[in-house]
Enquirer: 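I have a structure here, written as structure tokens, and I will follow up with some questions on it.
Residue numbers run from 1 in the order of the sequence given. Values in this document were obtained by computation on a predicted structure and should not be read as measured data.
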Amino acid sequence: MAAKGQAILPETETIKITYQGGIGTGAEDSFLRNYYQLDGTGWGSPFLLVPEATSVDEDHQKK
């Protein structure tokens, strides 16, 4: 990267591993963090159920 004039990360930089989405319960979050030794997880809202955010039809939302 340096040869191309691009910035490089310092040797002291650490990498963090996270998992994002698809977590439904606290137990699942705990399992993922402990079993895979993750640095963090990301929870989100079920945005597909928000009519203003998507064009999912009403029948699908009810399912």
Enquirer: If a pair satisfies salt bridge (charged side-chain N to carboxylate O under 4.0 Å, His left out) and one of its residues is in residues 17-31, list it, with sequence neighbours excluded.
Expert: D29-R33
Enquirer: Nearest 0.5 Å please: distance from the OH atom of Y19 over to the CG atom of L32.
Expert: 6.5 Å
Enquirer: Taking ring pair (Phe, Tyr, Trp, His ring centres under 6.0 Å) as the test, write out the residues that go with F31, two or more places apart.
Expert: Y35
Enquirer: Is it true that atom CD of Q37 has more than 12 heavy atoms of other residues, nucleotides or ligands lying nearer than 6.0 Å?
Expert: no
Enquirer: For the residue pair T25 and I23, what are the closest heavy atoms and their distance?
Expert: O-CG2, 3.6 Å
Enquirer: Please table the atom pairs, donor to acceptor, closer than 3.5 Å between any side-chain atom in residues 1-17 and protein atoms at least two apart or in another chain.
Expert:
none

Enquirer: My understanding is that only residues two or more places apart in sequence, or in another chain, count here; which of them pass side-chain hydrogen bond (donor to acceptor under 3.5 Å, both in side chains) with N34?
Expert: S30
